[in-house]
Amino acid sequence: METNTPPKSGTSFLKTCFNGVNALSGVGILSMPYALSQGGWLSLAIFITIAAICFYTGILLQRCIDSSSLVKTYPDIGELAFGRKGRITVAAFMYLELYLVAIDFLILEGDNLEKLFPNASFFSSFHRIAGGTKQGFVLLFSLLVLPTTWFRSLDLLAYVSLGGVLASAILVASVLWVGAADGVGFREGGVAVRWGGVPTAMSLYAFCFSGHAVFPMIYTGMRNRRMFPPVLLICFIICTLAYGVMGVIGYLMYGGSLRSQVTLNLPARKLSSSIAIYTTLINPFTKFALLITPIAEAIEGVLGLGTATTGGKPAQYRAAAVSVSVRTALVVSTTAVALAVPFFAYVVALTGSFLSATATMLLPCACYLRISSRASGKLGVLEIVACVGIIVLGLGVIVIGTYSSLKQIVQSF
């Protein structure tokens with residue numbers, strides 16, 4: 001395969017690691033204990049399997065990008081593999097997934113701010129506008145996060161990502177402290193397996209590793225692209241350990257009584273609980289822009305903005321103004337949906353089963369098989385077996401998990 005020449009400028013190894021870990025360690029870390037309570041201890045085997053699969057398909061995306069100098073984004077990969085229809089299909093799943101994850105962040109903020117400040121009368125104006133305390137906090141967060149979405153540089157976003165990585169580490173440590181020192185303990189034995197909850201667990205596990213939509217952006221923005229595999233491996237190891245530790249300690253602490261976010265189970269008026277919830281609030285703030293950026297760039301590309309390097313200063317100012325408007329509109333629309341559909345766990349499960357499983361399992365394998373078969377005319381037997389097996393597994397997650405998630409959402413209204 002042809003290898004794209006790495007750019008002389010771009011993000012360093014360390015900053016790329018920050019962006020990668022930040023892309024992977026999202027709100028899934030809060031729902032990990034709930035996922036484990038739904039599937040039981042043996043579902044950890046499914047969790048590890050999904051982590052390994054998602055790492056492998058991340059490498060497949062890199063190989064697809066390296067196959068042509070014209071390929072820069074995930075939709076470009078779809079077009080190279082299956083033409084215009086492939087581009088539209090990949091773009092639809094990719095951008096809808098990012099959009100729903102951004103909505104999950106807003107719902108998360110509303111839930112946890114309401115737990116911290118249940119009688120927040122000083123936000124009465126937001127309360128009146130939105131129709132409730134939780135909805136008022138969703139509006140407030142959207143206003144605070146809005147300026148971070150205006151950044152157009154991955155190098156700048158790396159500093160925001162560093163805050164997200166640190167927040168995830170503090171969150172795990174705080175929950176561990178609640179169990180070890182604040183009287184909760186680790187006394188819940190749990191169950192080996194809950195077959196009825198396995199579809200929900202699989203969907204949430206798939207959601208945990210749904211960073212593929214931004215992997216091409218991170219890869220093409222690297223200073224040395226040859227270092228992408230070790231960067232990706234480091235990111236997956238760190239995130240798998242963090243997710244696993246959070247799931248195990250949360251399940252041992254609360255067992256079958258776990259709520260959709262482990263922070264909602266934490267005892268009130270404890271310092272460690274407050275720290276955990278505050279860091280939970282920081283996490284979406286550091287990740288929201290990373291999710292919105294690919295969607296915004298796609299819209300800006302359709303509008304013909306590009307990088308606005310020609311036409312002088314007036315053209316650049318106009319392009320910047322349109323870019324800010326596009327990103328602001330995305331924040332406004334995600335806020336509106338978050339206010340309308342406030343069921344965190346079910347929205348996350350639906351995103352994981354239908355969109356994340358498609359973007360992380362089906363599409364990378366399908367595109368790689370098509371591109372590689374045309375480029376070299378020959379694929380190894382192991383590669384074919386691995387890709388076909390992942391596609392079959394992904395289809396199972398999509399069908400079973402989507403049905404289960406939609407059923408739960410309908411029953412909640």
Side-chain angles (χ1 to χ4, degrees), residues 1-21 23-24 52-91 93-95 154-155 158 209-237 290 293-294 297-298 301 306-307 358-388 390-391 394:
M1 284 188 177
E2 173 189 344
T3 302
N4 292 342
T5 303
K8 294 181 180 179
S9 62
T11 53
S12 64
F13 183 93
L14 189 59
K15 288 181 179 178
T16 305
C17 286
F18 290 152
N19 283 330
V21 171
L24 285 173
I53 287 173
C54 291
F55 168 74
Y56 176 69
T57 54
I59 297 297
L60 294 185
L61 288 182
Q62 178 206 2
R63 294 176 183 173
C64 290
I65 294 174
D66 287 341
S67 66
S68 171
S69 59
L70 299 176
V71 176
K72 304 293 182 185
T73 65
Y74 205 161
D76 289 343
I77 294 173
E79 185 169 16
L80 182 64
F82 299 105
R84 183 67 178 171
K85 291 181 179 178
R87 182 181 190 87
I88 293 172
T89 301
V90 170
F93 279 100
M94 169 185 163
Y95 297 133
L154 274 182
D155 210 42
F209 299 104
S210 58
H212 291 57
V214 297
F215 283 169
M217 181 179 71
I218 292 173
Y219 173 56
T220 56
M222 288 183 71
R223 184 177 304 159
N224 183 0
R225 295 182 185 175
R226 294 183 182 88
M227 297 304 295
F228 182 75
V231 164
L232 195 64
L233 181 61
I234 290 171
C235 293
F236 267 87
I237 289 174
L290 201 61
T293 297
E297 288 182 346
T307 55
T358 302
T360 61
M361 297 183 189
L362 263 65
L363 294 178
C365 291
C367 291
Y368 177 71
L369 288 174
R370 183 65 176 268
I371 292 171
S372 297
S373 63
R374 289 192 311 195
S376 62
K378 186 177 181 181
L379 280 168
V381 175
L382 287 179
E383 276 189 323
I384 295 174
V385 170
C387 288
V388 172
I390 292 171
I391 290 173

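- Within the 4.5 Å cutoff, side-chain heavy atoms of M361 are placed close to those of I53.
- In this structure, OG1 in T293 is found 5.5 Å from CE in M217, a value given to the nearest 0.5 Å.
- Of all the heavy atoms in E79 and R84, the pair that sits closest is CG-N, 4.4 Å.
- F13 places a side-chain heavy atom less than 4.5 Å from the side chain of V231.
- Note that CG of L362 is 10.0 Å distant from CD1 of I390, once rounded to the nearest 0.5 Å.
- Checking C64, S68, C367 one by one against L80, the side chain to side chain contact (heavy atoms under 4.5 Å, CB included) holds for a single residue, S68.
- When all heavy atoms of T360 and F209 are compared, the closest pair comes out as CG2-O, 3.7 Å.
- The two residues L24 and G211 come nearest to each other via the heavy atoms CD2-N, 3.9 Å.
- The two atoms that bring V214 and A23 nearest to each other are CG2-CB, 3.6 Å, heavy atoms only.
- Here CZ of F93 is found 13.0 Å from CD1 of I88. Values are rounded to the nearest 0.5 Å.
- Of the candidates D76, I65, V71, I65 is the only one forming a side chain to side chain contact (heavy atoms under 4.5 Å, CB included) with P216.
- A salt bridge is defined here as a Lys NZ or Arg NE, NH1 or NH2 lying under 4.0 Å from an Asp or Glu carboxylate O, and R63 with E383 meets this definition.
- Closest of all the heavy-atom pairs between C387 and Y368 is SG-CD2, 4.2 Å.
- Considering all non-hydrogen atoms of both residues, Y74 and H212 come closest at CD1-O, 3.7 Å.
- Here the CE atom belonging to M227 is positioned 11.5 Å from the OG atom belonging to S12, to the nearest 0.5 angstrom.
- Of the inter-residue distances, the one linking F55 atom CZ with L60 atom CG reads 10.0 Å to the nearest 0.5 angstrom.
- Looking at T16 and N19, their side chains never bring a donor and an acceptor atom within 3.5 Å of each other.
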